[in-house]
Every structure is written in C-alpha cells, then in structure tokens.
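The structure under discussion appears below in the form of structure tokens.
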Amino acid sequence: MDMLQTIEKQIKEEIMEAVIRTQLAEKNDIPNIILEKPKNKEHGDYATNIAMQLTKIAKQAPRKTAEAIVNEINREKAGITNIEIAGPGFINISIDHSFLTKLVPTIIENGDTYGRSDKGQNHKIQVEFVSANPTGDLHLGHARGAAYGDALCNVLDYAGFQVEREYYINDAGNQIDNLARSVEARYMQALGKDWEIPEDGYHGKDVQKIGQQLAIEDGDKWVQVDEKERLKHFRKHGLKLELDKIKSDLAAFGVTFDNWFSETSLYEEDKITEALNQLQKTDLIYEEDGATWFESTAYHDDKDRVLVKSDGSYTYLTPDIAYHKNKLDRGFKTLINIWGADHHGYIPRMKAAIQALGYEKDTLEVEVIQMVNLFENGEKVKMSKRTGKAVTLRQLMEEVGKDAMRYFFSMRSGDSHLDFDMDLARSQSTENPVFYVQYAHARICTMLKQAEEKGWFEDGAVDYSLLKSEKEEELLRKLGEFPQVIREAAEKRIPHKVTQYVFDVSTLLHSYYNAEKVLDDEKPEQTKARLAFMKAVRITIANALRLIGVHAPEQM
RNA sequence: GUCCCAGUAGCUCAGUUGGAUAGAGCAACAGCCUUCUAAGCUGUGGGCCGGGGGUUCGAAUCCUCCCUGGGACGCCA
C-alpha cells in the first residue's frame, strides 16, 4: 500500500549492493543508506550522501567514490531514470514518475484507512494523559495535554501500535479532603453562614456551584450532621460531580479514554503494599528519621525519596509506583506519560522506580508538554489557579470552538511554549490555519457534489496518466508521503507533524484549484481523472484531520 | 545554587538519525474574481539560526562554556 516506501527500499538496496560491488568498503562498515528528498528540484527525486560518509573508509575523495558507486548501479533494477553526481559528492537520483498516478486508485480504494501501516506490529502501548485532579475545571494546560495525547494515540494506532488511553484519577490524597472542605464551606456560605474556605482549598466557581446546589437540594440537612459524616458525603458527592464534568468536557473536546483508573482502587486492592514488598527485595529501601526511603539515586535521581512518611502515610510517589507496576503487570510494553512541564522534576524518580521494579529505563517515556499562554487583543491573559481565575477548557471551547483548539494545540511541538491567540483562533479568515485546511476539504466536496449532479461518475474507466502537470505531480507526491508522515509522527511522538502535513496538502490543493479547472465539459477524460484525483486529496485531508481530532466539513 | 525546556525573518513557529541556496503562516508591499467557494491564489522584500570555542569533508542540528526567558527543585499532590 505504501508505494513510496517500496520504491525507496528498492533504491536503497540497489545502492547498498552497488557499494559492495565497488569493493571500497567491507559490508559491515557501510552505514545505512540514507535517501533524502532534496529541496531543490534540480537535484532529482532523491539524494544520498553515502559517498561522503565513505570518505574515511574508502580513503579517497567522495566524488571519486560516488563515481564508482554510480557505475555499479543497475538503473533498471531500481527503477532509476537518471542519476548524477553533484556538489561535494551527493548522488542525485530521478525516478519514473508514472507510479504517482497509481496512487490515486490506491488511495480511493483504501478510503479512511489510507495512511495506515503495520509498523507498530501490535506493540502494546499505554498512554496516560490529562489525569487532572478531580478538584476543579480542566484548564488550558490540560487541554493541550488532551489534544496532544489524543492525537498521539490516534497516530500510534494508525501506525499499527496497539494503544490504550488511560486517565489516572487522583481520588485518594489530601486534595480530595480539601475538596470536601471546600464544598463544605461553599455549602455553608450558600446557607448564609460565615465559613471560610480552607487555606489549601479550591476557590473555583465549579466548587461554589456544587455547594450551592447542595444547599438547594438538601437544604440545611447537613448542618446538623456530624462533621465526619458530612465531609464523607461531600467528598463522595464532590468527586462524582467533578469527575462527571471532566468526562463530559473531554468528550465534548473529542477525547475519550479506554480506562479511568482510580488511585483509591490501589489501596482497596492492596497494590501499594504489594509494590513496596517488591521494592524491599531490591535493597534500595532503607529507614531513616522514622521514614521509609527509596534509594532512587542508584538510578540517577538527584536525591533519595521518601515512600512512607514518619507519620505512616505514603507520599504521592508511593501509590504512583504501585500504579506503574500495575500498568506493567497488565502487559504494556511501553508506557507513555504525558505530563505538564511543571512535573518534569518528577521524571527521574519515576524512571528510577521503573528500573527498581526490574524494567528498562525506556519502558517509561515521559512526554513533557510546555505551558500555554493565552492572548487576547494582543495582550497576555493573566491567570491564577489559586483564585480560580484560570481560563477553562470549556470556556475556551465556547469562545473559539473545538476544532480551532484541537488544531492549534496539535500544531506545535509539545516541548515548545505555546502562545494561543484567541482572536486568531476565532477569526474566520485566511490567517486562521484551521479554516484554511477545512476550506480545502470543503472546496473539494463542492466540486465532487457538482460532478455527482452532472453525472461524471457514471462511467468507471479513468485514465490516470492524464494527471501529469507539475502541480499534479507535486500534490500526488505529497499524498504518497502520508503513510511515512504517520510513521514518523508515531515513532518520534510528534503528532504535530501530521498537522503540518495537512496544512501543506491544503496549500497545494488551493494552489492547484486556482491554476487548473477540474470540471471541464470540453475535456471529459481529463475531468474524470481529475475528479478521482480530488477524491484522493479529500480522503487524505479527511484522514489527517481525523487523527488530530478536527472536523472535516463538506461545506463552509 | 542544581536540573529541564526554549532562544531561527518585525510576530508566532517548522526544520526530530548532521547535508547542497535555512522554510511556513501572519504582518508589509504589488497584482489576480464575466470561470468548480477570493475563507483562495501569484509575486516582492525581509536572517551573524542568542554569543564564544570545539568535533568534521560538512553544524540551526552534536559537545562545551557563557547570556536571556520560562518552569522545576517538599516526609505537597
């Protein structure tokens, strides 16, 4: 299905064999053949730097080596139409372009699976992301993490990995007690009582609403109840409402999880002592100052970490270790955690734990997502989580729409700080990339619809060789790259590659649209070929957009 | 003080196994609608790739030292 890959593989193999035939280097000394796509069209379809890489081994000038290699290459076998040496020793290769037009029926046949591959070989990967504490609304950092995580999962799945999405619910620690006390305060306030929100409490409007709602539904019923009993109820109630809200917000954002994992379940099923017991066997555990420590410095952490505090309770790390052990026990070969940049300091100790549990360091990958800054009217929107003044995922979704958010958050590399321009995201104009891409899709749909009405699709025979203009070749080549883009995005965990790609396809489409007429009554054969071509473009754009969670509209 | 991320065009950013003349969008300027959606297209200008040193045939990319911005450094979660 991936024609370009097949062709490239053929060329690489032939170059490798040619190098061997030159006897300039031992087979084992020859580096991997790298084929790159030259930016300059005059340099052909592919270029390889192998002659330069062999300079030392062959002990001669790279151009001379290149000549020797070129002389040995069997052009026909590799489908090469032209080959020449350029610059310091590049070998530039051109191939027969007729394969490009074959892409069209292939793409149409594959439809919404075009771009899929089995590269991942069903390797089991678990991706844990968002995992926001159920103590308030999801904010922009979570939104970016959600968009990135979901796109990454889609891309991994498309590249043939077996992916599971999971959300870790921190429903056991202090913060839930604080939630209960905050709900309590808001409830009391709603009843007109003078009651302060605790120091570490949650000041958000969502918590306020929960308290008010309780006051409306239950009246002053809970005022009389014993504090412990009251907090227990508020805790349970608050948790449920917060979690429901998170779930529905994420669903509206187009993100759903396969599994919601409760931290509390680790306690209930004794998983924490189990994990501690396993660690005990490693002699990396010791007692000091009344606490139990994990010697994480044995695996390059800055300092050792406490697992059991002197008061007998666990630190955050301890259930988290149990959680990760549980993930591994479930058979995942790779764990990917997507964390906000503020948690990066936590990575070394978690990786240390993974190793102490007997796994390779790289079993756990942590993708760190940098902060989001919101801009409106050219000014940075100030946010403070403590006072509850942060802009939430839901608010932004109402302001700019899901598609714009998903697109913008998938547009940049995760390790780069992101400036989110609300005015740009809102604008329905040329400078807004999400509209640009969606417009490209809608444009094609309009043409296809008109063609449908005119009966262009009634006769099945299509002569694809009529697609031979420069713009057509360029766009076809781009379409052919899609499977490779997916694989690269998956392997390197860079879903923004897909967003960049779909933008490029859209640019080429718009350019083509303005240069050539697709529907032409005078040229029925050409029209049929071009319509098929447009179908292929539409499929590719739609598939790419689906992966990043952006709707592909049929009209705008 | 230590660690992580970033520093590329006026602005926001690509450039992810080191390659030929460093790219895109926006902004600026000049053009294109009796023709499938002008939410579009075409063209022009714009750069000491933060700075110094190093590695090599070749560095925005790798190493090292500085500078600037952001974040993290708890028996918090």
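Letters A, B, ... are given to chains in the order of the sequence lines, protein chains preceding strands, and every chain is numbered from 1.
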Within the 4.0 Å heavy-atom criterion, would you say [X] contacts the bases, only the backbone, or no part of the nucleic acid?
X: A:Glu491; answer: nothing
X: A:Ala61; answer: nothing
X: A:Tyr513; answer: base
X: A:His417; answer: base
X: A:Thr55; answer: nothing

Send over the distance from [X] [atom1] to [N] [atom2], rounded to a whole Å.
X: A:Tyr323; N: B:A77; atom1: OH; atom2: P; value: 18 Å
X: A:Tyr202; N: B:A77; atom1: OH; atom2: P; value: 11 Å
X: A:Leu424; N: B:C11; atom1: CG; atom2: P; value: 17 Å
X: A:Met556; N: B:A38; atom1: CE; atom2: P; value: 13 Å
X: A:Asn514; N: B:C32; atom1: CG; atom2: C1'; value: 9 Å
X: A:Asp421; N: B:G25; atom1: CG; atom2: C1'; value: 13 Å
X: A:Tyr168; N: B:A77; atom1: OH; atom2: P; value: 11 Å
X: A:Met411; N: B:A14; atom1: CE; atom2: P; value: 9 Å

Exercise for the section: Output yes when at least one side-chain N/O atom of A:Tyr501 is less than 4.0 Å from OP1 or OP2 of B:G15, else no. Expected result: no

Handout entry: Phosphate contact (B:A24 OP1 or OP2) by A:Thr507 side-chain N/O below 4.0 Å
Key = no

Flag for [Y]-[X]: side-chain donor and acceptor within less than 3.5 Å:
X: A:Gln438; Y: A:Asp403; result: yes
X: A:Asn432; Y: A:Tyr407; result: no
X: A:His510; Y: A:Arg443; result: yes

Practice task
Would you please test A:Tyr501 and A:Phe482 for ring pair (Phe, Tyr, Trp, His ring centres under 6.0 Å) and show each step?
Solution key: CA-CA 8 Å; A:Tyr501 172 80; A:Phe482 188 49; 5.3 Å; yes

Problem - Residues, nucleotides or ligands: over 12 heavy atoms within 6.0 Å of A:Gln555 CD - result: no

Handout entry: A:Glu376 CD: over 12 foreign heavy atoms closer than 6.0 Å
Key = yes

Check [Y] with [X], please: is the shortest side-chain N to carboxylate O separation under 4.0 Å?
X: A:Glu481; Y: A:Lys478; value: yes
X: A:Glu473; Y: A:Lys41; value: no
X: A:Lys119; Y: A:Glu491; value: yes

Provide the distance between the two [atom1] atoms, one in [N] and one in [M], to the nearest whole Å.
N: B:A22; M: B:C4; atom1: P; answer: 32 Å
N: B:C73; M: B:U16; atom1: P; answer: 32 Å
N: B:C41; M: B:C26; atom1: P; answer: 8 Å
N: B:C29; M: B:G46; atom1: C1'; answer: 11 Å
N: B:G15; M: B:G25; atom1: C1'; answer: 15 Å
N: B:C63; M: B:G70; atom1: C1'; answer: 25 Å
N: B:A14; M: B:U61; atom1: C1'; answer: 13 Å
N: B:G52; M: B:C11; atom1: C1'; answer: 28 Å

Practice task
Starting from the C-alpha separation in whole Å, work towards a yes-or-no answer on side-chain hydrogen bond (donor to acceptor under 3.5 Å, both in side chains) for A:Tyr512 and A:Arg530.
Solution key: CA-CA 11 Å; A:Tyr512 177 67; A:Arg530 287 184 172 180; 3.2 Å; yes

Which base, if any, makes a Watson-Crick or G-U wobble pair with [N], both distances under 3.5 Å?
N: B:G23; result: B:C13
N: B:U35; result: none
N: B:G7; result: B:C67
N: B:U42; result: B:A30
N: B:U2; result: B:A72

Handout entry: Closest listed nucleotide, where the reference is the side chain of A:Arg412 and the choices are B:A77, B:U12, B:C41
Key = B:U12

Problem - Minimum-distance nucleotide to A:Gln450 side chain [options: B:C36, B:U42, B:G25] - result: B:C36

Fill in the blank from the handout: From the list A:Thr507, A:Leu467, A:Thr540, A:Val537, side chain to side chain contact (heavy atoms under 4.5 Å, CB included) partner of A:Leu475 resolves to A:Val537

Practice task
Taking syn as within 90° of 0 and anti otherwise, name the glycosidic form of B:C41.
Solution key: anti

Exercise for the section: Determine, step by step, whether A:Glu525 and A:Lys528 satisfy the salt bridge (charged side-chain N to carboxylate O under 4.0 Å, His left out) criterion, reporting the C-alpha distance in whole Å, the side-chain angles of both residues, the deciding distance to 0.1 Å, and the verdict. Expected result: CA-CA 5 Å; A:Glu525 291 310 311; A:Lys528 276 194 280 186; 3.7 Å; yes

Problem - nucleotides 16-22 of chain B: protein proximity per nucleotide (B base, S sugar-phosphate only, - neither; heavy atom, under 4.0 Å) - result: BB-BBB-

Problem - Residue whose nearest RNA chain B nucleotide is more 5′ - A:Asp504 or A:Tyr314 - result: A:Asp504

So which protein nitrogen or oxygen atoms get under 3.5 Å of nucleotides 72-75 of chain B's nitrogens or oxygens?
unit_1, atom_1, unit_2, atom_2, d
B:G74, OP2, A:Lys303, NZ, 3.3
B:C75, O2, A:Ser310, N, 2.9
B:C75, O2, A:Ser310, OG, 2.9
B:C75, N3, A:Ser310, OG, 3.3
B:C75, N4, A:Asp289, O, 3.0

